[in-house]
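Okay, so here's the structure we're looking at.
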Amino acid sequence: MREDRIDINATDLSTLENARVGINKGSVQADFFQEWCEKNNVKCQINYACGYAFSGDYPEASLLDLLNEADLNMYEDKVQSKQGRRN
């Protein structure tokens with residue numbers, strides 16, 4: 001959680017109501033968080049992220065290049081996901 005989010009309190013679950021939460025798509029944490037929300041009757045908007053780049057696919061790339069490629073892949077996945085929700 002961002003440090004500037006003083007409106008969210010870990011001991012008061014109602015402060016999570018309608019919050020937007022970013023989670024890696026397909027991760028164990030995503031499943032755990034969804035189950036936790038259901039168990040605690042917390043309604044959040046979950047924004048899934050999915051972006052990665054394998055160093056083997058870009059042998060000459062620096063770490064910054066790989067992070068930029070992963071960021072681009074995440075953006076493209078997000079656009080496709082939003083388009084799928086509209087169709």
Full working for side chain to side chain donor-acceptor pair (under 3.5 Å) between S62 and D65: CA-CA 5 Å; S62 68; D65 293 335; 3.2 Å; yes

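Hydrophobic clustering (ILVMFWY, side-chain heavy atoms < 4.5 Å, transitive): L67 and L72 are in distinct clusters. F32 and V42 fall into different hydrophobic clusters, where Ile, Leu, Val, Met, Phe, Trp and Tyr residues are linked whenever their side-chain heavy atoms come under 4.5 Å apart, directly or through other members. No chain of hydrophobic side-chain contacts below 4.5 Å, direct or via other Ile, Leu, Val, Met, Phe, Trp or Tyr residues, connects Y58 to Y75.
Atom CG of residue N41 and atom CD of residue E17 lie 7.5 Å apart, to the nearest 0.5 angstrom. How far CD of E76 is from CG of D71: 10.0 Å, rounded to the nearest 0.5 Å. The structure places CG of L16 at 13.0 Å from NZ of K43, a figure rounded to the nearest 0.5 Å. Here F54 contributes atom CZ and E69 contributes atom CD; the two are 12.0 Å apart, rounded to the nearest 0.5 Å. Atoms CG and CG, on N40 and L13 in that order, are 5.5 Å from each other to the nearest 0.5 Å. N73 CG to L66 CG: the interatomic distance, rounded to the nearest 0.5 Å, is 10.5 Å.
D12 places a side-chain N or O within 3.5 Å of a backbone atom of S14 that can act as its donor or acceptor partner.
Between N9 and T15, the shortest heavy-atom distance links the atoms N-OG1, 3.0 Å.
I46 places a side-chain heavy atom less than 4.5 Å from the side chain of Q34.
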